[in-house]
Amino acid sequence: MILSPGTHSQSESSYTAHPRFLELQEELRSALFTAVADSTPKQYLGEATAEPELSELRRDVDLFARSPLPKARLVSYLKNWITECAPYLDKFDEARHFGVHVPILARESPGLFYAILAFSARQTERKGGLRNCHDSLELYQEAIRWVTPGLQARDPNVLVTACVLAVMELMSVSPQDWRRHVDGCAALFDCFNVNGFSGGHLQAVFWCYVRMELCGVIVSNGAERTVLPLEKWVPAVSSGLDAESIEDYEKRVRELFLEQSRLTADMHANWAVYLCAKACDLVCRRTRHLELGEYDTADLRPFHEQWSRLWDDLQYWLEQRPVSILPMKSTSMQGDRIFPEIFFAHQAAISSNQLYHTACILLLEIKPPTILLPSSSHLASSVWHARRVCGISLTNPHPGNLINAIQPLYIAGKLLSHRREQMTVARLFKAIEATTGWGALWRLKDLEAVWGYETNEILSAI
């Protein structure tokens, strides 16, 4: 069994303190920030095809022959990318950009080619518990070697390369250091004006990136905001700081998501990511105000009004779900069942509904006492939402959504007091790590402390 970074017994293959990995990671961040500092915003993508250096970069090259690894292993990693890794990243994307379009782009983009192979190799190493295997590190190094030439040639695929490498880093090392894995991507998206409505594969890559952001802000436990400000997740909409301007801005953003979600259920799922990130942002701003005395300049409305508007947006999201985002079957807790069964046919429906419940839990934890919700409504119960978060993962074992469920399960797990419930969630964390290769047991260690157990007491019992 391989254990994730931050747990009591790290895998020997962990990148956490690997000097070469840390050196390469810093080299990548430096290249990205240097490119942002030297580039003219908004012109990068438009000028890409006009740059003569780009054709030189894409000259017919045998990328397999250039790799330090045997071709057979590279082909194996490429197959694993398509069958195992890409579905994780495409869980909110019916068009399957990571599984179909990105490998096609990689044929003419060396950095992207080696990035997807590095990701696949790392997933293979972690899932198989392979020790003393450094294929992923070799490929990671090769991908980074091509990043600077790609940036100089204004290759738009560098955005995709940076995102894939960031996800690989987040999979490989301690999520507590999440900002170092995403800040370079944030700088690129900001500088080159790519957002959640840019269309095509860049839009898919953007939403993959912000799901990492959401993971990070949940891990920060209310201490940090997203690296890329939420207003840059959507097309630029002018807004003042007064209450009327902010409410008008929020209305236009809501209409934008609703319009796009009528075209594709994927965007309704992305909307849930955005709303959950907004809930985390509100938690952070409240924490900083109460604990550090910071004045909230992001929103001048009274806190209770901000809370109510966001709560209403979440319930509006729930009411407006397209048919494909609704559960195919939902059963309540009856008999010996400790969590409800909630089955979805659309894979994006799994995580998006789970994130809705997670956002509700976060808001209910900071609900102003002056706001009264109907006591008869289950929506006012944090435990009700928590059990649905758990039930969704238990009923829908799609690997990509299990990865996306690690942080929601932690938020929900904190509210569970019965040992039987806790053991079920603990087994779920163990299954996530065993079946996907993504670190999940470090969150179980956190839950052991919340539940009042000794370190490893639960882990040793499952």
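The figures here come from the full heavy-atom set of this structure, side chains too, leaving out hydrogens, waters and symmetry mates. All values derive from a computational prediction rather than experimental measurement.
Within the 4.5 Å cutoff, the side chain of Arg321 has heavy atoms near those of the Pro327 side chain. Contact annotation: the side chain of Val383 approaches that of Arg387 to within less than 4.5 Å [non-hydrogen atoms, C-beta and beyond]. In this structure, Phe303 and Asp296 have side chains that are not in contact, with every pair of non-hydrogen atoms separated by 4.5 Å or more. In this structure, Trp311 and Leu379 have side chains that are in contact, with non-hydrogen atoms separated by less than 4.5 Å. Taking 4.5 Å as the limit, every side-chain heavy atom of Arg419 sits out of range of all side-chain heavy atoms of Trp451. Looking at Leu159 and His201, their side chains never come closer than 4.5 Å, going by heavy atoms from C-beta outward. Using a 4.5 Å heavy-atom cutoff, the side chains of Phe189 and Lys232 are not in contact.
Evaluation of the side-chain hydrogen bond (donor to acceptor under 3.5 Å, both in side chains) test over residues 359-371, restricted to residues two or more places apart or in two chains, returns none.
Shown here are the side chain to side chain contact (heavy atoms under 4.5 Å, CB included) partners of Ser198, two or more places apart in sequence or in another chain: Val194, Asn195.
With hydrogens and angles disregarded, a donor-acceptor distance shorter than 3.5 Å links the side chain of Glu448 to the backbone of Asn456. Although no hydrogens or angles enter the test, the distance criterion places no donor-acceptor pair under 3.5 Å between the side chain of Asp190 and the main chain of Leu228. Side chain of Glu224 to main chain of Val217: no donor-acceptor pair is present (N/O by atom type, distance under 3.5 Å, no hydrogens or angles). Side-chain atoms of Thr264 do not come within 3.5 Å of backbone N or O of Ser261 as any donor-acceptor pair. Within the 3.5 Å criterion, the main-chain N or O of Ile411 finds no donor-acceptor partner in the side chain of Lys414. Not one N or O on the side chain of Asn270 forms a donor-acceptor pair closer than 3.5 Å with the backbone of Phe92. Side-chain N or O atoms of Asp90 include one that pairs as donor or acceptor with a backbone N or O of Gly99 at under 3.5 Å. A distance-only check finds no donor-acceptor pair linking the side chain of Ser120 to the backbone of Leu117 [under 3.5 Å].
Under the 3.5 Å distance criterion, with hydrogens and angles disregarded, a donor-acceptor pair is assigned to the side chains of Gln422 and Tyr453. Under the 3.5 Å distance criterion, with hydrogens and angles disregarded, a donor-acceptor pair is assigned to the side chains of Gln306 and Arg285. Inspection of the Gln203 and His97 side chains reveals no N or O donor paired with an N or O acceptor under 3.5 Å.
Ring geometry for Phe119 versus Trp438: interplanar angle of 30 to 60°, hence tilted. Taking the six-membered ring for Trp and thresholds of 30 and 60 degrees, His378 and Trp384 have nearly parallel ring planes, at less than 30 degrees apart.
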Asp248 vs Arg252, test: salt bridge (Lys or Arg N to Asp or Glu O under 4.0 Å). Steps then yes/no.
CA-CA 6 Å; Asp248 182 58; Arg252 281 181 283 173; 2.8 Å; yes

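Of the candidates Arg288, Arg225, Arg286, Asp281 forms a salt bridge (charged side-chain N to carboxylate O under 4.0 Å, His left out) with just one, namely Arg225. When each of Tyr356, Trp317, Phe257 is paired with His268, the ring-ring contact (aromatic ring centres under 6.0 Å, His included) condition holds for Trp317 and for no other. Of the candidates Glu125, Arg122, Gln123, Ser172 forms a side chain to side chain donor-acceptor pair (under 3.5 Å) with just one, namely Arg122.
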